[in-house]
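Heads up, the thing below is written out as structure tokens.
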There are 2 protein chains.
Amino acid sequence: MTKPFQPPSRILMGPGPSDVHHRVLSAMARPTIGHLDPQFIVMMDQVKAMLQQAFFTDNALTLPVSGPGSAGMEACFVNLVEPGDTVVVCVNGVFGGRMKENVERCGATAVVVEDDWGKPVDLEKAEAALKAHPGAKALAFVHAETSTGVESDARSLCELAREHGALSIVDAVTSLGGIPVLVDHWGADAVYSGSQKCLSCTPGLSPVTFSDRAVEVLKTRKTKVQSWFLDFSLLTAYWGGGAKRAYHHTAPINALYGLHESLVMLHEEGIEHAWTRHSMMHQALLAGLEVMGLGLLVEPSARLPQLNAVLVPDGVDEAAVRARLLAEHGLEIGAGLGALAGKVWRIGLMGQSATPHHVTTCLSALEAALIAQGMTLAPGAAAAAANRLLLV
Amino acid sequence: MTKPFQPPSRILMGPGPSDVHHRVLSAMARPTIGHLDPQFIVMMDQVKAMLQQAFFTDNALTLPVSGPGSAGMEACFVNLVEPGDTVVVCVNGVFGGRMKENVERCGATAVVVEDDWGKPVDLEKAEAALKAHPGAKALAFVHAETSTGVESDARSLCELAREHGALSIVDAVTSLGGIPVLVDHWGADAVYSGSQKCLSCTPGLSPVTFSDRAVEVLKTRKTKVQSWFLDFSLLTAYWGGGAKRAYHHTAPINALYGLHESLVMLHEEGIEHAWTRHSMMHQALLAGLEVMGLGLLVEPSARLPQLNAVLVPDGVDEAAVRARLLAEHGLEIGAGLGALAGKVWRIGLMGQSATPHHVTTCLSALEAALIAQGMTLAPGAAAAAANRLLLV
């Protein structure tokens with residue numbers, strides 16, 4: 001007979017999920033109620049309003065998709081892209097590649113603007129692609145590439161899209177809550193995120209927001225949305241506001257309790273304060289990494305504070321380091337994905353994992369693991385460097 | 001500033017979600033760990049094995065889709081149905097209609113076998129449709145129609161499909177855990193369920209199982225699966241077994257803790273005992289309903305014990321009755337959907353909501369609400385009739 005599962009103690013500093021606060025965990029353990037319960041509907045309205053605040057948008061179509069970030073990504077593409085459309089897709093990491101897959105599975109043509117992994121999207125190349133493909137339905141890009149730790153210039157890319165009459169589709173899975181995601185200021189049209197990154201909720205929900213321009217495109221489609229589950233023209237009858245909700249699918253009640261609580265916590269702190277905290281922890285981590293002689297993949301101007309792709313030093317067995325961190329410290333950091341497998345570690349400082357405790361714990365543990373790998377390092381120096389910054 | 005959400009006390013006896021045991025709620029509040037954590041992978045294997053037991057199958061492709069039942073339904077169709085295919089869809093309620101939508105959104109043709117809401121699928125009509133459409137890719141039907149409370153003959157329908165060289169696609173959302181779902185014995189090819197019905201987990205996961213025959217069809221597709229998120233040829237690299245898991249999407253960690261615990265509880269009780277319990281509670285509910293002169297929509301031979309569509313008596317305001325149950329007893333029962341709106345109540349006896357306490361609470365509360373509506377009933381008689389059966 002299988003026994004109840006007791007998870008091990010972990011400190012989550014990979015590419016997500018991040019550490020979940022006990023307030024969020026407790027919220028998820030509150031009794032389940034019905035998805036059409038009048039009081040649940042009050043909570044849905046609050047989730048929607050808090051997501052609008054987090055996205056800095058007034059978009060009426062703002063809701064959490066009942067699935068992980070990949071479902072949110074797919075929701076954006078299947079609702080906006082039709083067979084025969086052309087979409088310019090900027091690929092500078094794993095998630096841009098996934099966008100391309102989504103476009104093609106909608107029966108549309110993906111025009112790929114490729115940049116090296118670890119570089120931000122090149123605005124000139126994106127503009128050239130839009131010029132070369134007049135009538136492109138959308139420009140799609142990843143604001144914060146979780147596979148590389150790169151931030152691309154979302155405001156400029158959204159502007160470019162608008163200038164060329166294209167919608168902008170923005171992956172903000174790793175950015176929301178960690179760095180500014182200013183949907184209305186950017187004029188972004190479709191933006192999706194995830195619950196388990198800088199919002200520090202458990203994985204499984206994907207906040208999405210559509211501009212009025214995107215809603216208009218949805219309303220004037222020639223074909224039905226290929227996914228019934230993700231069809232926003234149906235889903236908005238449930239999430240659309242008002243007391244009369246139409247049943248679409250059964251919402252993941254307790255997961256939404258958790259998201260609600262994580263948004264309450266974000267707003268208690270103040271989202272601008274959260275951005276500052278992420279930035280400070282990143283600087284502190286960097287100070288410690290520098291002491292150990294470790295560099296980042298990404299140039300300073302495009303670094304995400306919440307996701308640090310650290311170059312693995314020559315001669316170090318990166319998997320052994322991660323295994324040691326997990327076994328001895330319960331500390332999870334991420335491996336490289338795709339082309340970066342074996343070449344980088346991905347250290348996340350997301351949401352509740354962006355604290356002085358996390359920074360110094362990670363630096364101390366990593367230092368010990370590197371010493372075990374034969375590197376000559378001064379014990380305690382890395383955490384001390386971080387602490388000097390944190391004490392200022 | 002929005003405050004943390006405190007759900008009201010509810011007794012869930014609608015069409016799902018059902019009451020969630022505190023063991024499952026507590027499991028969901030355990031600390032989040034990574035989706036590639038070695039110990040999480042052990043848990044995934046256990047979930048898979050327990051789902052195989054619950055489905056009575058050896059199917060290697062057995063996993064919980066990271067979304068609600070609608071996502072599980074869509075996963076079955078998008079993985080197996082290609083543009084140009086023909087699928088015979090049996091429609092005898094809301095969820096059969098949703099299957100038809102799914103088929104059409106896959107670019108396939110749905111041949112609809114229609115039966116009255118409240119009747120099981122007519123085997124002769126299904127056979128005639130298969131004969132009239134040789135080469136049909138699949139026969140799709142709902143085992144337990146949540147909108148009407150009807151059970152259809154899954155074994156015979158799967159047999160029919162096989163005889164005509166078609167796959168069978170079976171909606172077992174409301175049946176799994178409440179009545180036998182014997183996947184291998186039926187020879188069913190693609191079966192999906194939901195977490196929030198007779199498994200009494202929170203909503204948001206959809207257990208799915210594919211026969212080897214279905215896997216073969218998936219492997220020999222001419223086109224890519226239109227959903228990247230639900231593409232089983234990618235997803236099985238994560239759920240497929242072995243220590244080397246390939247990242248697909250971030251699994252909903254804490255929701256899976258909950259499903260794991262609900263499956264542990266199901267196996268502790270014994271699934272056959274769970275079926276008996278559902279049947280006994282249904283008989284007790286019926287005895288009480290009869291005393292009040294209330295009938296069911298469905299003929300005795302096709303009634304689901306776990307979902308009772310009760311005919312609203314003439315002159316009774318059904319919405320007022322539900323509102324009163326909710327306000328005075330915290331008791332949720334379901335309204336009629338679609339053609340049955342205003343005509344039936346749907347009383348669920350699912351999973352943890354299939355107990356003597358639930359039966360007698362519901363009968364007493366309903367009796368009081370009907371007396372308030374002007375019906376002449378003997379107070380206490382309905383629950384007493386149920387108790388007489390329960391004490392045997």
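It should be emphasised that the depicted structure is a prediction, and the values quoted were computed from it without experimental measurement. Numbers restart at 1 for each chain; the letters A, B, ... are given by sequence-line order, proteins then strands.
No other option in B:Ala71, B:Gly204, B:Gly330 has as many heavy-atom pairs under 4.5 Å with chain A as B:Ala71. For chain B, the option among A:Arg98, A:Met73, A:Arg23, A:Glu104 with the highest count of heavy-atom pairs below 4.5 Å is A:Arg98. For chain B, the option among A:His267, A:Glu74, A:Glu332 with the highest count of heavy-atom pairs below 4.5 Å is A:Glu74. With chain B as partner, the option from A:Met28, A:Arg30, A:Arg10 having the largest number of non-hydrogen pairs under 4.5 angstrom is A:Arg30. Contact count versus chain A (heavy atoms, under 4.5 Å) is highest, among B:Gly14, B:Ser227, B:Gly258, for B:Ser227.
Contact annotation: the side chain of A:Thr250 never approaches that of B:Pro15 to less than 4.5 Å [non-hydrogen atoms, C-beta and beyond]. Using a 4.5 Å heavy-atom cutoff, the side chains of B:Val20 and A:Pro31 are not in contact. Contact check for A:Pro7 versus B:Gln39: no side-chain heavy atoms found under the 4.5 Å cut-off. B:Thr202 places none of its side-chain heavy atoms less than 4.5 Å from the side chain of A:Pro252. A 4.5 Å side-chain heavy-atom check between A:Phe229 and B:Pro68 finds at least one atom pair inside the cut-off.
Only the side chain of B:Gln46 comes within contact range of chain A, with heavy atoms under 4.5 Å apart. Using a 4.5 Å cut-off between heavy atoms, A:Gln196 contacts chain B through its side chain alone, with no backbone atom that close. For a residue to count as touching a neighbouring chain, one of its non-hydrogen atoms must lie under 4.5 Å from one of that chain's; by this rule A:Ala27 does not touch chain B. Proximity to chain B (any heavy atom under 4.5 Å) is restricted, for A:His260, to the side chain, taken from C-beta onward. For a residue to count as touching a neighbouring chain, one of its non-hydrogen atoms must lie under 4.5 Å from one of that chain's; by this rule B:Leu234 touches chain A with the side chain only. In this structure, chain A has no heavy atom under 4.5 Å from any part of B:Leu263. For A:Val225, the parts sitting under 4.5 Å from any heavy atom of chain B are the backbone and the side chain alike. Proximity to chain A involves both the backbone and the side chain of B:Arg105, based on heavy atoms less than 4.5 angstrom apart.
Listed by first then second residue, pairs satisfying ring-ring contact (aromatic ring centres under 6.0 Å, His included) with a partner in residues 1-49 of chain A read A:Phe5-B:Tyr257, A:His35-A:Tyr247, not counting sequence neighbours.
A donor-acceptor pair is defined here as one N or O able to donate and one able to accept, closer than 3.5 Å; no such pair exists between the side chain of A:Glu101 and the backbone of B:Trp228. A donor-acceptor pair under 3.5 Å is absent between the side-chain atoms of A:Gln226 and the main chain of B:Cys106, judged by distance alone.
Between A:Leu25 atom CG and B:Thr32 atom OG1 the span is 5.0 Å, to the nearest 0.5 Å. Interatomic distance, CD of A:Glu268 versus OG1 of B:Thr2, reported as 9.5 Å (0.5 Å rounding). Note: B:Asp37 CG to A:Leu12 CG = 8.0 Å, rounded to the nearest 0.5 Å. One finds the CD1 atom of B:Ile33 at 13.5 Å from the CD1 atom of A:Ile11 (value rounded to the nearest 0.5 Å). In this structure, the separation between OG on A:Ser70 and CG on B:Asp231 is 12.0 Å, given to the nearest 0.5 Å. A distance of 11.0 Å separates CG in A:Leu326 from CG in B:Leu36, rounded to the nearest 0.5 Å.
Under the side chain to side chain contact (heavy atoms under 4.5 Å, CB included) criterion, B:Arg322 pairs with B:Glu318, B:Ala319, B:Ile333, B:Ala335, B:Trp345, not counting sequence neighbours.
Residues A:Glu261 and B:Pro4 come closest through the heavy atom pair OE1-CB, 3.2 Å.
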